[in-house]
Student: 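Sharing a structure below in structure tokens format, with a few things to ask.
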Number of protein chains: 2
Amino acid sequence: MSARKLPVNKFPKQGRATFRLPFTTVDVVIFSVLEDALCILLVRRPSGDAEPYPGKWALPGGFVNVDVDITLEACATRKLAEKTGVSTSYLEQLGSWGGADRDPRGWSATHVYFALIPAEHIQLERGANAADVSWFDVDKFVNETDLAFDHSSILATAVERLRSKVEYTSLPAFLVPEPFSLPQLQRVYEIVLGRSIDKSGFRTRMLAADFLVEDVYLDGTSNRPAMGYRLRDRSMPVLFPRNLGR
Amino acid sequence: MSARKLPVNKFPKQGRATFRLPFTTVDVVIFSVLEDALCILLVRRPSGDAEPYPGKWALPGGFVNVDVDITLEACATRKLAEKTGVSTSYLEQLGSWGGADRDPRGWSATHVYFALIPAEHIQLERGANAADVSWFDVDKFVNETDLAFDHSSILATAVERLRSKVEYTSLPAFLVPEPFSLPQLQRVYEIVLGRSIDKSGFRTRMLAADFLVEDVYLDGTSNRPAMGYRLRDRSMPVLFPRNLGR
DNA sequence: AAAATAGTGTCTGTCAGACAGTATTCT
DNA sequence: AGAATACTGTCTGACAGACACTATTTT
């Protein structure tokens, strides 16, 4: 095996490496449903000579700050809160992307999370850089916009993962504010998947999974009020035994 | 928002960071089926004053070598080959674990992959450190052995992920050498899941998924020869529309 | 012939999808 | 009353699980 001939990273006694370290970043794909469309939050890269991809849209994220972040997930939570004001949401690790070429500044690895937040909870940052944070319709803008770094590819993976998990999980429940009705939840499923779902089957499926708790009736602006539900457990989505059909 | 008061990582023009970087490592959870049991490969941590967890069992892995590895996945492939001699296998990213406390040498983040390899392909490293690489039965030894770093927790996640994906994917096909018969494949499913599966339903399910290609008949040592199959596409597992029952 | 393993056929319960019907509100 | 939306009931086809059956090999 030729592996033995490779240089071996050496480590002296006191924690300072003698070899080059990759950069470590965290990025967050923030999903929400706005105006009947699945959207993601993007930020504009700062301009400046030393900046990579100046002015381009990118996923919110950045370097891990070892003095502040005690874990990767805490770092992702921090970045989410900085951009949206949302402190609690569904957060799941999507994966990591790392290599020599993805950042012009050098070998870097990014840990990517995706977040699902109800539109009503969002409070975009006010002030100078408000114009540099924006929501993008996943279907309309995303494919024709190319993002900084390898973020286009990461985003595509995130959308794929979300859509595929929606087929067999309760994930969309994290995109809608509580309490919500089953028709509201169904609408979110339909928006994310981009197709309509049968009402009766949907209700049976949701109720059988036993992850909803009845709350108050939702007295909408008109017509028959709907039962309002909350999640029994906000920490995890429920997995259904089958995919949705079609 | 208080985030503005946090220190901001600065970047001078020429690619050398002025802030502390986390260590970047890659670890691989290598699964195989040996003697009718689901096993994983562990390596013993080297002894020495400067070494963390000397003598303890750990997942194979180590620092990313920016001069050698061009991507994280390439790094994982390299580490897999170094330990097993296997150069091609199913490799999937499991996730990443990072934080201030997981490595006594400092803030570190590890990118974890899991690999599935057929026992017949394995060629453990010969020589001085052969005793420091060993297979462990997942059910028998893993829960009672505590590993270096946070590897026990990572391993538990890996086993959970593997078992849960086996319920609705063709992943076990990567644990058996081609060509293989349906009874052989079924045996692997049963070993990984730890329960028996109905023969007829299993065959229908596998054949309906259309990921197998007929090869030669397997003339075993005795009894009726079985049809041998190969994978239509070794690059990806197939997803079944339903979980296995029970 | 018997044993062992490979593979098939048939029945049945479950459940998603389709769709028609009922219920409750507002105007 | 009619419109709009919430919710339920019924039928049907697809399919997994159970299990009994047939097929092909070795000894």
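Just so we're clear, the structure is a prediction, and the values are computed from it rather than from any experiment. Basis for what follows: all heavy atoms, side chains included, without hydrogens, waters or symmetry-related copies.
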Student: B/Met227 side chain: which of D/dA16, C/dG7, C/dC26 is closest?
Tutor: C/dG7
Student: Under 3.5 Å, side chain of B/Asp137 to main-chain N/O of B/Lys140, donor-acceptor pair present?
Tutor: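 Side chain of B/Asp137 to backbone of B/Lys140: a pair is present.
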Student: If you define the side chain from C-beta out and look only at heavy atoms, does anything of A/Phe31 sit under 4.5 Å from A/Val28?
Tutor: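 Sidechains of A/Val28 and A/Phe31: no contact.
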Student: Would a line drawn from the ring center of B/Trp57 to the ring center of B/Phe136 be shorter than 6.0 Å?
Tutor: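 Distance test on ring centres: under 6.0 Å, yes.
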Student: Do A/His121 and A/Thr84 touch side chain to side chain, with heavy atoms closer than 4.5 Å?
Tutor: no
Student: Roughly what angle, to 10°, lies between the helix axis at the start of the helix from C/dA1-D/dT27 to C/dT27-D/dA1 and the one at its end, five pairs per end?
Tutor: 10°
Student: Does CZ in A/Phe141 sit with more than 12 non-hydrogen atoms of other residues, nucleotides or ligands closer than 6.0 Å?
Tutor: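 It does not: A/Phe141 CZ has 12 such atoms or fewer within range.
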Student: Between A/His111 and B/His111, how do the two ring planes meet: parallel, tilted or perpendicular, split at 30° and 60°?
Tutor: parallel
Student: Looking at D/dT26, C/dT14, C/dT25, which one has an atom nearest to any side-chain atom of A/Pro225?
Tutor: C/dT25
Student: Distance-only criterion, 3.5 Å: show the donor-acceptor pairs between side-chain atoms of residues 210-219 of chain B and protein atoms not counting sequence neighbours.
Tutor:
unit_1, atom_1, unit_2, atom_2, d
B/Asp210, OD1, B/Arg232, NH2, 3.2
B/Asp215, OD1, B/Arg230, NE, 3.1

Student: 5'-most contact on DNA chain D: B/Pro241 or A/Ala226, nearest heavy atom basis?
Tutor: A/Ala226
Student: What is the distance from CZ of B/Arg187 to C1' of C/dT5, rounded to the nearest Å?
Tutor: 14 Å
Student: To the nearest Å, give me how far apart CZ (A/Arg195) and P (C/dA16) are.
Tutor: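 Computing the A/Arg195:CZ to C/dA16:P distance gives 14 Å.
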Student: Starting the side chain at C-beta, find the nucleotide from C/dT25, C/dA4, C/dA6 nearest to B/Asn223.
Tutor: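 The answer is C/dA4.
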Student: In this structure, how many angstroms lie between the P atom of C/dG7 and the CG atom of B/Leu212, rounded?
Tutor: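 Interatomic distance, CG of B/Leu212 to P of C/dG7: 12 Å.
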Student: Kindly state which residues belonging to residues 196-211 of chain A come within less than 4.0 angstrom of DNA chain D, counting heavy atoms of the residue only, listed by number.
Tutor: A/Lys199, A/Ser200, A/Arg203
Student: Go nucleotide by nucleotide along DNA chain D from the 5' end; which of B/Asp219 and B/Arg224 gets its closest nucleotide reached first?
Tutor: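 Result: B/Arg224.
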Student: When the ring centroid of A/Phe180 is compared with that of A/Tyr229, is the distance short of 6.0 Å?
Tutor: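 No - the distance between ring centres of A/Phe180 and A/Tyr229 does not fall below the 6.0 Å cut-off.
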